[in-house]
Amino acid sequence: MNADLETLDEVDVPPTHQQGSAFVPSVGIVMPLAEQRGGAELLLLQLLQANATLAAEGEPVARYAVAFLEDGPMVAATRALDVPAEVFEAGRVRQVGRQVGTVRRIAAWLRALDADATLAWMPKGHLYSGPAALLARIPALWFQHTITSKNPIHRTATLLPSASILCCSEAAKAGQATLWPPRRADVLYPAVDLARFDAAAMPSQAELRARLGLPADAFVAGLVGRLQRWKGIHVFVEAAAQVAHAQPDAVFVVVGGPHFSEPDYPAELNALAEQHGIADQIRFVGHQPNVPEWMCAFNVVVHASTGPEPFGMVILEGMALGKPVIATAHGGPLEIVTPEAGLLVPPGDVPALADVLTRLAADPAARARLAAGARARAAQFSTERLARDAAALVTATVRS
């Protein structure tokens, strides 16, 4: 189907779609990006994959098609899942004439799909799918993956009519509520790929440590995240310096590359480690493609963000691997980490983080208890749960 050739003839509201006695919504997803740059892009592919898996098993969930506003690798990845995908080169938002044309083409595409609703995967997508939904006379939803910064795109997306804003956490929902006008919002928690983050499918910890150059018997605490100040890497370094006094053989690892917005931060972190005399105990290994293997090699996974996380995927990934997690007590982590699955510390509190790390380093039994709880908690965030919840939210919106 070439959606550019579709017309915009007046049509009635699309009929509901039934599979047996179950309603199976037809949803046109509008995705601004076509190159995987972060968690939001990965989450879309997880939703489509899990939805396809459930459908193949005979469980009616939803029927998706995706309109990308640029071309890129995700288009082929989507089609490889047998999900229809179109590309509407939208250009920049400020190109008004081009935006109007893109909106018309998306509206025609939605009509051709006989869509029950449209879902913009990011606020920018709603700038196109919101008006297109009005033309197609169907409900529009959009996904808020962040705690809103009140930037112009978020504000404009909120101004446009929507049936629901899907938020990645209660924290994100509360942030969205600060924008005018008030809009209905629902929480749709992200998911973790339990097959990829499965310790049972990994080599042994001893083998991984040998491969990664980590000592076999040391206590290893690791942090995974981009080298940005709000991620609290400096807090982790300072806490590591305190832990090293009680655990001189402990090793600390930071997995993550620099961010273009803070080019001086990596050098600052290295200088901080030198200043505290732990340069030989802390390792900055940069961006790594095999993150699950690094996490499996750790005894504890640390999350040290000083600003509120919208959700906290790294925390969930560590838990899925059966790792005790230490996270900061604000934003999304408050909704993920239970007392049985991990420990929370105040953001930016170096002594509190150091104290918890020191206690866990000396208590393998406590680590084992938290590991079991972490795995059980992570299982509640499966990709299949994501697919079912997404379909249920769209269905409730269409039928309201």
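Linking ILVMFWY side-chain heavy atoms closer than 4.5 Å, directly or via other members, places L113 and L135 in a single hydrophobic cluster. Grouping the Ile, Leu, Val, Met, Phe, Trp and Tyr side chains by contacts below 4.5 angstrom, directly or via other members, places L43 with V27. Both F284 and L357 are assigned to one and the same hydrophobic cluster, defined by single-linkage of ILVMFWY side chains at heavy-atom distances under 4.5 Å.
You'll find the side chain of L223 stays beyond 4.5 Å of the side chain of V301, heavy atoms only. Contact check for P292 versus E317: no side-chain heavy atoms found under the 4.5 Å cut-off. Looking at T383 and L194, their side chains never come closer than 4.5 Å, going by heavy atoms from C-beta outward. A heavy-atom distance below 4.5 Å is not found between the side chains of F88 and F68. Considering only heavy atoms from C-beta on, C167 stays 4.5 Å or farther from L188 through its side chain. Residues I165 and L141 are not in side-chain contact: their nearest non-hydrogen atoms beyond the backbone lie 4.5 Å or more apart. L160 has its side chain within reach of H126: a pair of non-hydrogen atoms, C-beta onward, lies under 4.5 Å apart. Side-chain contact between T395 and D116: absent, with no pair of heavy atoms (C-beta onward) separated by less than 4.5 Å.
Side-chain atoms of S162 never come within 3.5 Å of backbone atoms of A140 as a donor-acceptor pair (strictly under, hydrogens ignored). For R183 (side chain) and T158 (main-chain N/O), a donor-acceptor pair under 3.5 Å exists by modelled atom type. In this structure, the side chain of R209 engages the main chain of A216 through a donor-acceptor pair within 3.5 Å. Counting only distance, with no hydrogens or angles, the side chain of N51 and the backbone of A62 share a donor-acceptor pair below 3.5 Å. For the pair W121 (side chain) and A40 (backbone), a donor-acceptor distance under 3.5 Å is present. Checking side-chain atoms of Q144 against main-chain N and O of L166 turns up no donor-acceptor pair under 3.5 Å. No donor-acceptor pair closer than 3.5 Å links the side chain of T156 to the backbone N or O of I153. Between the side chain of R377 and the main chain of V337, no donor-acceptor pair closer than 3.5 Å is present. Panel note: side chain Q281, backbone A250; a donor-acceptor pair is recorded below 3.5 Å. Between the side chain of H276 and the backbone N or O of Q242 there is no donor-acceptor pair closer than 3.5 Å.
Considering all non-hydrogen atoms of both residues, I282 and A273 come closest at CG2-CB, 3.6 Å. When all heavy atoms of A218 and P215 are compared, the closest pair comes out as CB-CG, 3.6 Å. For the residue pair V24 and V61, the shortest heavy atom distance occurs at CG1-O, 3.8 Å. Residues A390 and L47 come closest through the heavy atom pair CB-CD1, 3.9 Å.
Side-chain atoms of Q380 and Y189 include no donor-acceptor pair closer than 3.5 Å. Between S26 and D114, the side chains place no donor N or O within less than 3.5 Å of an acceptor N or O (distance only, hydrogens not considered). With 3.5 Å as the limit, one finds no donor-acceptor pair spanning the side chains of T178 and Q176. Of the N and O atoms on the side chains of T328 and H303, at least one donor lies less than 3.5 Å from an acceptor on the other residue. When only modelled atom types and interatomic distance are considered, R105 and T102 share a side-chain donor-acceptor pair under 3.5 Å.
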Could you go step by step and tell me if Q228 and S261 meet the side-chain contact (heavy atoms from CB on, under 4.5 Å) rule?
CA-CA 8 Å; Q228 290 181 274; S261 65; 3.8 Å; yes
Under the side-chain contact (heavy atoms from CB on, under 4.5 Å) rule, what do E274 and N270 come out as? Steps first, then yes or no, please.
CA-CA 6 Å; E274 291 279 359; N270 279 285; 5.6 Å; no
Does Q99 form a side-chain contact (heavy atoms from CB on, under 4.5 Å) with L127? I'd like the steps, not just the answer.
CA-CA 9 Å; Q99 182 180 14; L127 304 187; 4.0 Å; yes
Might you work through the salt bridge (charged side-chain N to carboxylate O under 4.0 Å, His left out) test for D198 and R196, ending with a clear yes or no?
CA-CA 6 Å; D198 179 7; R196 183 178 181 223; over 6 Å; no
Between N299 and K323, does a side-chain contact (heavy atoms from CB on, under 4.5 Å) hold up when you go through it step by step?
CA-CA 7 Å; N299 294 110; K323 298 298 171 181; 5.9 Å; no
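Using a 4.0 Å cut-off between a side-chain N of Lys or Arg and a carboxylate O of Asp or Glu, R367 and D363 do not qualify as a salt bridge. Look at K231 and E309 and you find a salt bridge, because one of the NZ, NE, NH1 or NH2 atoms lies within 4.0 Å of a carboxylate O, short of that distance. Electrostatic pairing of E268 and R229 counts as a salt bridge here, judged by a charged N lying under 4.0 Å from a carboxylate O. The pair E59-R388 counts as a salt bridge, with a side-chain nitrogen and a carboxylate oxygen less than 4.0 angstrom apart.
R399 forms a cation-pi arrangement with F23, by the criterion of a distance under 6.0 Å to the ring centre and an angle within 45° of the ring axis.
Separation of atoms CG (L212) and CZ (F298) is listed at 8.5 Å; rounding is to 0.5 Å. Between atom CG of residue L360 and atom CG of residue L343 there is a gap of 5.5 Å, rounded to the nearest 0.5 Å.
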